[in-house]
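A short worksheet on the structure shown next.
Quick caveat: nothing in here was measured; it's all calculated off a predicted structure.
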Amino acid sequence: RGRASGKRSKKKMKNRIHHGDTETTRFFSPCLRASVVNLLFLACASNVPGIEPKDGEIRFPVGIAVHPAGRHLFVASSNFDLLYNGSTVGVVDLTTNTYATGHTIKIGSFAADLVINAAGTTLFVPDRATGHVNVIDVDLTATRFLSCSATTPASGLLPTCATSHAISVSQDPFSVVVLPQESFDGGTAPERLVVSHLRNGEVYVLEASDGGAARYSVAATQDLPDGTNSVAVRPDSDPARRTLYVSHRFSNSVSTFRLIGDFLSPPASTRLVQTGSVSIRNPAGGLDTRGIAFNPAGTRAFVADRSPSSI
């Protein structure tokens, strides 16, 4: 508020996209409708207020993924300020660096990570409002590149992901990775996802199965007391030795896991077993470890620590 008149400042915020020597500037007015406390509660609500999202707008982007063919970039906008009644997943044409309108879809608010499978046929996007991982079909030859519902929306509305394209997990799903599909004697293992949850610390392994759109089921779970942020897979030429690393929301440590079981059998045979925990020795202390990245050989991991800011 202004000091003298008490009127709300009309100063606008700028949202800039840089590419090479060019800069595109878009203006939007800040619309923070809730306090931090309210946002925390609304993060678990499936019905959040707001107006219909706009096709062609990137707002509070949180997840991006490039299609394996290299021409298109997929962007998840989180709707963090609750201006709209949902998050969006849209498409950027990398040959022109412009938003490709006519392909945007709507999911629950507070979208999080976004990944695409190796075949380039499916996007996976968790949203914290509904507690779902949205399964979005990708077809770059179709009229609409992205699809997650058979229902045609009313005029002026974006297509909304149906429950048949949503995997119900736990509260606040955040990070998701697609495990490499491996060939074993007698066949190929099904596609598997690993999903972390911010607050309750659950780690889910989801496994593909037959059954149309609802083709993923929970194969294994593991609970961690310190919440979970990011998930990364340590590179290894032997899939039997491949290890999952999970960073924590409320501690300066990283936990390690292995998938145990017959990878060609039904989900009931798969177990997620914790194999250890690595403390981040920061002289200043700290908590809230975030992103994890490995060198190609898998011999060194790099971990982002949010508090204090460090790698």
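- Residues L206 and V115 fall within the same hydrophobic cluster, defined by Ile, Leu, Val, Met, Phe, Trp and Tyr side chains chained together at heavy-atom separations under 4.5 Å.
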Open item on the list: Could you walk me through whether N134 and D127 satisfy the side chain to side chain contact (heavy atoms under 4.5 Å, CB included) test, starting with their C-alpha distance in whole Å, then the side-chain angles of each, then the deciding distance to 0.1 Å, before giving a yes or no?
Closed with: CA-CA 8 Å; N134 298 278; D127 76 73; 2.8 Å; yes
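- Of the N and O atoms on the side chains of N79 and S109, at least one donor lies less than 3.5 Å from an acceptor on the other residue.
- Atom CD1 of I105 is separated from atom CZ of F74 by 10.5 Å, given to the nearest 0.5 angstrom.
- In this structure, D93 pairs ionically with R71, as a charged nitrogen and a carboxylate oxygen lie closer than 4.0 Å.
- Taken together through direct or relayed side-chain contacts under 4.5 Å among Ile, Leu, Val, Met, Phe, Trp and Tyr, V62 and F174 form parts of separate hydrophobic clusters.
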Open item on the list: One pair to check against ring-ring contact (aromatic ring centres under 6.0 Å, His included): F145 and H72. What are the steps and the verdict?
Closed with: CA-CA 10 Å; F145 294 164; H72 296 92; 5.3 Å; yes
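- Under 3.5 Å, the side chains of D288 and H248 contain no donor-acceptor pair of N or O atoms.
- Test V203, V246, L224 against Q274 for side-chain contact (heavy atoms from CB on, under 4.5 Å) and you get one pass: L224.
- No hydrogens or angles considered: nothing links the side chains of D172 and N200 as a donor-acceptor pair under 3.5 Å.
- A donor-acceptor pair shorter than 3.5 Å cannot be found between the side chains of D55 and T101.
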Task: Pair T256-T243, side-chain hydrogen bond (donor to acceptor under 3.5 Å, both in side chains): steps then yes or no - done: CA-CA 7 Å; T256 59; T243 305; over 6 Å; no
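- For the residue pair S196 and Y204, no side-chain donor N or O sits within less than 3.5 Å of a side-chain acceptor on the partner.
- The neighbour count for I64 CD1, taken as heavy atoms of other residues, nucleotides or ligands under 6.0 Å away, does not exceed 12.
- Under 3.5 Å, the side chains of T121 and N117 contain a donor-acceptor pair of N or O atoms.
- In this structure, a donor-acceptor pair under 3.5 Å is absent between the side chains of E202 and T221.
- Rounded to the nearest 0.5 angstrom, T143 OG1 and H103 NE2 are separated by 9.0 Å.
- Salt bridge annotation for D139-R144: absent, with no cationic side-chain nitrogen under 4.0 angstrom from a carboxylate oxygen.
- Once rounded to the nearest 0.5 Å, the distance linking CG of L146 with CG of D137 reads 9.5 Å.
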- [ ] Quick one: do S230 and Y245 satisfy side-chain hydrogen bond (donor to acceptor under 3.5 Å, both in side chains)? Show the steps, please.
- [x] CA-CA 8 Å; S230 296; Y245 282 63; over 6 Å; no
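- When the side chains of ILVMFWY residues are joined at heavy-atom separations under 4.5 Å, either directly or via intervening members, V66 and V92 end up in a single hydrophobic cluster.
- Listed for the T228 side chain is a donor-acceptor partner under 3.5 Å among the backbone atoms of H197.
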